[in-house]
Amino acid sequence: VLKEALSRWLAGRGVALKEGDLRPYFGAGEGAVLKGIARDKGLELKDPDHAKKELYAIYYELLEKRDMSNPGALRFIASARKAGLLTAVVSSADRAKVLRNMAAISLRANGVDAVISWDMVKRKKPFPDLFQLAAVTLGIPGSQALVVEDAVAGVKAALEAGCLAGAVATTFPAEDLVRAGASFV
């Protein structure tokens, strides 16, 4: 959905998004995506906050029109909680977007033990700050945490935080995720 939203946002400025343009920025948050793509495409971002609001408006419109259900993710979280494990959603996105994404897959905020978003830390992925905060919030050392990521930057951040990194190959090929250090894909 983000790729389509960004494609529409860029089209409104007369610029086309090509395959692979987003790859360097996956997992780093929308602010980094916008700044990177704008720089790559020769666009001047006079007001990055306004640009992000425009992008989010398109994103939320698309999100409402799509079936974003993810029964596998919901089963995984429910099984972990049933087994007595602590769970968290950790994202480089704004908290409002994280909560909207969770709602889109029918995961309520009280369906996990913590929701950690970029506005709670100083540095985003690939820095470990988000995962370190999640571990502290859950009251566990990073070495006892399993992170399931979809981006190379997230795998690197998880490892830097001392966590076991697993991955799903929805955004990057499995080979890239393993190369980044994921123990399993």
Side-chain angles (χ1 to χ4, degrees), residues 1-6 22-23 25-30 33 56 59-121 124-126 128-185:
V1 176
L2 178 60
K3 183 178 177 183
E4 186 176 344
L6 189 57
L22 291 179
R23 193 172 279 299
Y25 309 107
F26 276 130
E30 286 73 26
V33 170
Y56 276 7
Y59 179 87
Y60 293 148
E61 179 185 325
L62 292 170
L63 194 63
E64 289 177 13
K65 294 178 181 177
R66 294 248 168 61
D67 176 11
M68 300 300 290
S69 61
N70 191 331
L74 295 176
R75 273 194 314 274
F76 181 80
I77 292 167
S79 295
R81 291 186 67 139
K82 186 175 180 182
L85 301 175
L86 300 171
T87 58
V89 171
V90 180
S91 176
S92 288
D94 296 349
R95 186 170 189 84
K97 181 177 178 245
V98 173
L99 294 174
R100 295 276 291 261
N101 285 341
M102 289 172 65
I105 67 164
S106 300
L107 177 61
R108 296 193 327 258
N110 65 0
V112 293
D113 298 293
V115 177
I116 308 296
S117 54
W118 83 269
D119 44 336
M120 299 169 76
V121 296
K124 298 179 189 181
K125 301 171 193 174
D129 304 29
L130 286 161
F131 296 123
Q132 290 171 334
L133 178 59
V136 167
T137 301
L138 295 173
I140 61 170
S143 62
Q144 291 183 8
L146 164 65
V147 171
V148 180
E149 260 294 338
D150 69 337
V152 167
V155 169
K156 290 178 179 178
L159 294 172
E160 185 68 26
C163 305
L164 175 64
V168 292
T170 55
T171 307
F172 284 85
E175 312 79 64
D176 291 358
L177 296 163
V178 169
R179 228 181 343 271
S183 294
F184 59 88
V185 179

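Atom-to-atom distance recorded for S91:OG and K124:NZ is 9.0 Å, nearest 0.5 angstrom. The CG atom of L107 sits 13.0 Å away from atom CE of M68, with the distance rounded to the nearest 0.5 Å. If you take CD1 on I105 and CG on L63, they are separated by 10.5 Å, rounding to the nearest 0.5 Å. To the nearest 0.5 Å, atom CG of residue N70 and atom CE of residue M102 are 12.5 Å apart. Once rounded to the nearest 0.5 Å, the distance linking CD of Q132 with CD1 of I116 reads 12.0 Å.
Minimum heavy-atom separation, S92 to L130: OG-CD1, 3.5 Å. Heavy-atom minimum distance, V155 versus E149: N-CG, 3.7 Å. Closest non-hydrogen pair, L22 versus L6, comes out as CD2-CD2, 3.0 Å. Between L177 and V168, the closest heavy-atom pair is CD1-O, 3.6 Å. In this structure, T87 and V112 approach most closely via the heavy-atom pair OG1-CA, 3.4 Å. Heavy atoms only, all atoms of each residue included: G166 and A182 are closest at C-CB, 4.4 Å.
Residues meeting the ring-ring contact (aromatic ring centres under 6.0 Å, His included) test with Y60, sequence neighbours left out: Y56. Every residue meeting the side-chain contact (heavy atoms from CB on, under 4.5 Å) condition with A174, not counting sequence neighbours, appears here in chain and number order: A169, V185. Taking the side-chain contact (heavy atoms from CB on, under 4.5 Å) definition, one finds that R23 meets it with F172, P173, D176, sequence neighbours left out. Listed by chain and residue number, nothing satisfies the side-chain contact (heavy atoms from CB on, under 4.5 Å) test with A78 (two or more places apart in sequence, or in another chain). Applying the salt bridge (charged side-chain N to carboxylate O under 4.0 Å, His left out) criterion to R66, with sequence neighbours excluded, gives E4. Partners of S117 according to the side-chain contact (heavy atoms from CB on, under 4.5 Å) rule, which considers only residues two or more places apart in sequence or in another chain, are R95, V98, D119, M120. Here E64 pairs with R100 under the salt bridge (charged side-chain N to carboxylate O under 4.0 Å, His left out) rule; sequence neighbours left out. Residues that satisfy the salt bridge (charged side-chain N to carboxylate O under 4.0 Å, His left out) test with K156, not counting sequence neighbours, are absent from this structure.
Under the salt bridge (charged side-chain N to carboxylate O under 4.0 Å, His left out) criterion, no residue pair touches residues 134-144, with sequence neighbours excluded. For residues 164-173, every residue pair satisfying the side chain to side chain donor-acceptor pair (under 3.5 Å) rule, not counting sequence neighbours, is listed here: D150-T171. Counting only residues at least two apart or on different chains, the salt bridge (charged side-chain N to carboxylate O under 4.0 Å, His left out) pairs with a member in residues 71-91 are R81-D113.
E61 and K65 are joined by a salt bridge, as a carboxylate oxygen and a charged side-chain nitrogen come within less than 4.0 angstrom of each other.
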Item to complete: Tell me, with the steps shown, if Y59 and N101 meet side chain to side chain contact (heavy atoms under 4.5 Å, CB included).
Response: CA-CA 10 Å; Y59 179 87; N101 285 341; 2.6 Å; yes
Please report, to 0.1 Å, the donor-acceptor pairs under 3.5 Å made by any side chain of residues 135-148, with sequence neighbours excluded.
unit_1, atom_1, unit_2, atom_2, d
T137, OG1, L133, O, 2.8

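The environment of F184 atom CZ is dense: over 12 non-hydrogen atoms of other residues, nucleotides or ligands sit within 6.0 angstrom.
A distance-only check finds a donor-acceptor pair linking the side chain of D67 to the backbone of S69 [under 3.5 Å].
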